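Bear in mind the structure is a predicted one, so any value in this text is a computation, not a measurement.
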Amino acid sequence: VQLQASGGGLVQAGGSLRLSCAASGRTFRNYAMGWFRQGPEKEREFVAVISWSGDITYYKDSVKGRFTISRDNAKNMVYLQMNSLKPEDTAVYYCAAGGWGTVVRGTGVDYWGQGTQVTVSS
């Protein structure tokens, strides 16, 4: 599976962005999909995960109620809708594919995409 993230950009605080992750490969629907981020001088951290079927999601506490992860298995796409953005959301965002537990832990992830920069100005 190859992953290509897009949709990042510069937005003012309170604004919204929608990140997309395009996956290649017929086994895409076998994987849980997640989003991670790495802010300036910070370690990469888990943001959100969605099950292979799309019916179970889990979020980092600080983004609950603001971010929504979704997927379209017919299109091999995963999305992260980000609303009410804050300056502390500024980071490079990465999509990832793997088992549910590996994605939540961020270790042993099978596939990583390249990052897309999100910058939130105050």
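Residues M82 and D89 have side chains not in contact (no heavy-atom distance under 4.5 Å, counting atoms from C-beta outward). Between V1 and D110, the closest side-chain pair of non-hydrogen atoms is not below 4.5 Å. Side-chain contact between W52 and Y31: absent, with no pair of heavy atoms (C-beta onward) separated by less than 4.5 Å. Looking at M77 and S20, their side chains come closer than 4.5 Å, going by heavy atoms from C-beta outward.
In terms of heavy-atom proximity, G115 sits nearest to V92 at CA-CG1, 3.5 Å. The shortest heavy-atom contact between Y59 and I69 is OH-N, 2.9 Å. G34 and V103 get closest at one heavy-atom pair: CA-CG1, 3.7 Å. Annotation for A13 and S122: closest pair CB-CA, 4.3 Å, computed over non-hydrogen atoms. In terms of heavy atoms, F28 sits closest to R71 at O-NH2, 3.3 Å. Shortest non-hydrogen contact noted between V120 and T90 is N-OG1, 2.9 Å.
We find the OH-OG distance between Y111 and S24 to be 9.5 Å, quoted to the nearest 0.5 Å. With rounding to the nearest 0.5 angstrom, the OH atom of Y79 is 5.5 Å from the CG atom of D72. Of the inter-residue distances, the one linking L80 atom CG with T68 atom OG1 reads 8.0 Å to the nearest 0.5 angstrom. Expressed to the nearest 0.5 Å, how far OH of Y93 lies from CZ of R37 amounts to 4.0 Å. F67 contributes atom CZ, which lies 9.5 Å from atom OG of S16 (distance to the nearest 0.5 angstrom). Taking NZ of K86 as the start and CZ of R66 as the end, the distance is 4.5 Å to the nearest 0.5 Å.
At least one donor-acceptor pair closer than 3.5 Å links the side chain of Q114 to the backbone N or O of A5. For N73 (side chain) and S53 (main-chain N/O), no donor-acceptor pair under 3.5 Å exists by modelled atom type.
Aromatic ring pairs are classed by plane angle as parallel below 30°, tilted from 30° to 60° and perpendicular above 60°; the pair W100 and Y58 is tilted.
Remark: of the listed residues V118, V47, V78, V118 is the sole one forming a side chain to side chain contact (heavy atoms under 4.5 Å, CB included) with L19.
Summarising the local packing, CH2 of W112 is surrounded by more than 12 heavy atoms from other residues, nucleotides or ligands at distances under 6.0 Å. Within a 6.0 Å sphere centred on NZ of K64, heavy atoms belonging to other residues, nucleotides or ligands number more than 12. Applying the 6.0 Å contact sphere to CD of E45 captures more than 12 heavy atoms from other residues, nucleotides or ligands.
Cluster membership for L10 and L85, using ILVMFWY side-chain heavy atoms within less than 4.5 angstrom, is not shared. A single hydrophobic cluster is seen to contain both V49 and V109, as judged by linkage of ILVMFWY side chains at heavy-atom distances under 4.5 Å, directly or through other members. Cluster membership for F36 and L17, using ILVMFWY side-chain heavy atoms within less than 4.5 angstrom, is not shared.
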